[in-house]
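The structure presented is a predicted model; accordingly, all values stated were derived computationally and were not measured. One-based numbering, in listed order, for ligands and for the atoms of each.
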Amino acid sequence: MSKLNIVILAAGKGTRMYSNQPKVLHTVGGKSILEHVIDCAKSLKPHKIIVVYGFGGDTVKQAFAHEDIIWVNQAEQYGTGHAVQQAVAHLEVDADTLILLGDVPLIDAKACQKLVEQAQNKLAILSFNKADPTGYGRIVRNAMYGVTAIVEHKDASEEQHKITEVNTGIMAMPNVHLLQWLSKLTNNNAQGEYYLTDIVALAVQDNVNVVAEITTDEWSVTGINSKTDLSQIERVYQSRAAQKLLLQGVTLRDPARIDVRGSLSCGRDVEIDINCVFEGTVTLGDNVKIAANCVIKNAVIAAGTQVAPFTHIDDTQIGENARIGPFARLRPGTTLAADTHIGNFVELKNAQVDVGSKINHLSYVGDSSVGKNVNIGAGTITCNYDGANKFRTVIEDDAFIGSDSQLVAPITIGRGATIAAGSTITRDAPPDQLTFCRAKEQKSIAGWKRPQKLKK
Ligand code: UD1
Ligand code: CA
């Protein structure tokens with residue numbers, strides 16, 4: 001097979017998105033529309049990827065600064081043929097070109113591969129049957145079923161309007177022909193545009209075979225023009241992601257109520273309850289159970305761990321058989337070893353908690369190292385911030401922190417130390433001793449009365 005050039009058309013304005021953000025940077029499954037297309041292109045191992053951009057160009061380019069892409073500016077948009085003409089200087093005479101559209105995120109790499117294979121000395125078009133073909137270019141076939149032209153909706157006759165086989169806009173052809181045809185395009189049509197689709201009639205004139213490959217996966221060729229389209233494609237993407245998980249043996253209580261905005265890999269016998277959102281890269285080990293309404297981003301959760309409802313996990317690693325939540329918040333830099341318990345209304349940030357330790361109720365533990373088998377009582381707070389700088393708290397193995405204590409960092413609580421409830425600890429606590437710091441006496445005032453509501 002010859003070399004492959006891929007041209008992605010992405011200069012359109014996206015007026016109907018009513019957004020200041022370029023259309024192709026809106027996301028599907030947490031990844032920009034254009035990135036989906038670029039990833040598909042990359043999987044075909046092309047010699048070159050050329051993106052024709054226009055509206056919001058610099059923002060688009062910046063979003064892909066790390067990619068090996070040739071950017072071509074189409075400052076004024078005079079049609080799809082005009083768009084490809086802008087890329088001519090980069091097209092190699094001994095290569096084939098695959099044209100992709102930058103606003104079609106569910107594009108299927110296998111269908112593209114097939115099209116490219118078809119394109120040896122031919123013009124290969126990806127088409128599909130659309131119940132309501134309004135707006136699309138119609139595939140015109142002759143009595144022998146051979147493709148003779150694509151006629152745009154606005155240029156089509158009444159007879160041609162009845163054709164339901166339409167052009168996806170995705171096509172492949174040898175550059176020797178494409179370069180010739182591009183030079184012959186005119187804008188004598190209803191829209192005064194240079195139509196790429198006119199190359200079909202030019203191919204027929206040149207006796208170059210034209211084949212239209214019909215796809216039945218309409219979503220894989222559907223472009224996004226509005227927020228309605230975006231929301232529909234998002235649902236299709238999510239339901240496909242859910243089906244993949246089910247096929248791998250993951251239990252989803254409702255496949256319609258899970259969102260995967262990135263990649264989620266699961267071991268065996270993983271269970272995920274409703275309304276969970278997974279972002280970035282998330283790995284769940286065997287037998288992990290995620291209860292309803294959890295948001296989990298960039299996390300590794302090891303085998304046997306259970307996450308109770310309404311838990312928020314971000315950039316955190318969790319060991320085996322841990323119990324997290326409900327209503328826990330694990331913030332970036334947190335690592336929890338095996339058999340740890342983190343309960344309700346507990347916030348951890350950049351905290352490393354070792355095997356078997358428990359922080360079960362209403363606590364904030366930040367910038368802290370917590371040893372093995374530590375118990376941190378309800379309402380404990382590590383005061384890690386003096387208003388200007390952050391300091392670390394170290395709590396050694398087997399320590400017991402009484403409820404409602406404040407540990408003012410930098411501070412170390414020694415191995416086996418006990419901190420009495422209600423203490424504000426500002427200096428290191430020695431190992432194995434009881435340390436407390438409270439008001440000296442407990443007083444009771446006899447005869448004291450609660451204030452009464454004043455009568456008007
Ligand atoms: C085009 C096809 C039509 C097909 C339809 C599928 C032509 C003439 N028509 O229609 O047969 O059924 O796609 O959706 O090709 N673009 C540019 N520069 C331009 C114009 C468009 O980069 O000057 C890009 C757009 O960003 C978009 C793609 O090309 O990604 C298609 O453009 P769009 O206007 O949506 O398609 P139509 O011309 O309506
Ligand atoms: Ca158009």
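With no hydrogens or angles considered, no side-chain donor-acceptor pair links Q191 and D155 at under 3.5 Å. Looking at K154 and N189, their side chains never bring a donor and an acceptor atom within 3.5 Å of each other.
Heavy-atom contacts of Y78 reach the following atoms of ligand 1: 23 (O) (cutoff under 4.0 Å). Within ligand 1, counting atoms from 1 as listed, the ones closer than 4.0 Å to a heavy atom of A10 are 22 (O), 26 (O). Short contacts between ligand 1 and Y195, defined as distances under 4.0 Å to a heavy atom of the residue, involve ligand atoms 8 (C). The ligand atoms of ligand 1 that sit less than 4.0 angstrom from a heavy atom of Q77 are 18 (N), 19 (C), 23 (O). Close contacts between ligand 1 and A83 involve ligand atoms 17 (C), 18 (N), 22 (O) [criterion: under 4.0 Å to a heavy atom]. Contact atoms of ligand 1 toward G137: 3 (C), 4 (C), 11 (O), 12 (O) (distance under 4.0 Å to a heavy atom of the residue). Per-residue contacts place T197 under 4.0 angstrom from the following atoms of ligand 1 (heavy atoms of the residue considered): 7 (C), 8 (C), 9 (N), 11 (O), 15 (O).
Annotation: L9 places an N or O atom under 3.5 Å from an N or O atom of ligand 1; distance criterion only. Ligand 1 has no N or O atom lying under 3.5 Å from any N or O atom of I150, backbone or side chain. Considering backbone and side-chain atoms alike, Q74 places an N or O below 3.5 Å from some N or O of ligand 1. Among the atoms of L196, none of the N or O lies under 3.5 angstrom from an N or O of ligand 1. Checked against a 3.5 angstrom limit, the closest N/O atoms of E152 and ligand 1 fall inside it.
Between the T382 side chain and the Y364 main chain, a donor and an acceptor come within less than 3.5 Å of each other. A distance-only check finds a donor-acceptor pair linking the side chain of R138 to the backbone of Y136 [under 3.5 Å]. Counting only distance, with no hydrogens or angles, the side chain of T164 and the backbone of P133 share no donor-acceptor pair below 3.5 Å.
Remark: distances from the non-hydrogen atoms of G79 to ligand 1 include one below 4.0 Å. Ligand 1 has D103 within reach: a non-hydrogen atom of the residue lies less than 4.0 Å from it.
With a 4.0 Å cut-off on non-hydrogen atoms, T168 touches ligand 1 through its backbone and not its side chain. Residue-level proximity to ligand 1 for H82 is absent, since no heavy atom of it falls below 4.0 angstrom. The backbone and the side chain of A11 each have at least one atom closer than 4.0 Å to an atom of ligand 1 (non-hydrogen atoms only).
Heavy atoms from other residues, nucleotides or ligands lying under 6.0 Å from NZ of K289 number more than 12.
Under the side-chain contact (heavy atoms from CB on, under 4.5 Å) criterion, H341 pairs with R323, K358, N360, not counting sequence neighbours. In this structure, E35 has no side chain to side chain donor-acceptor pair (under 3.5 Å) partners at least two apart in sequence or on a different chain.
When the heavy atoms of T80, I224, V221 are ranked by distance to atom 15 (O) of ligand 1, first place goes to T80. Among L34, L101, I99, V151, the residue whose heavy atom lies nearest to atom 28 (C) of ligand 1 is L101. Nearest residue to atom 6 (C) of ligand 1 from I8, N167, V37 is N167 (criterion: closest heavy atom).
Salt-bridge check for R331 with D315: failed, with every basic side-chain N at 4.0 Å or more from each acidic carboxylate O. The pair D39-K31 meets the salt-bridge criterion, since a charged nitrogen lies less than 4.0 angstrom from a carboxylate oxygen. Salt bridge status for R240 with D217: present, with a side-chain N to carboxylate O gap under 4.0 Å.
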Would Y78 and Y194 satisfy ring pair (Phe, Tyr, Trp, His ring centres under 6.0 Å), going step by step from the backbone distance to the final call? CA-CA 6 Å; Y78 297 124; Y194 294 88; 7.2 Å; no

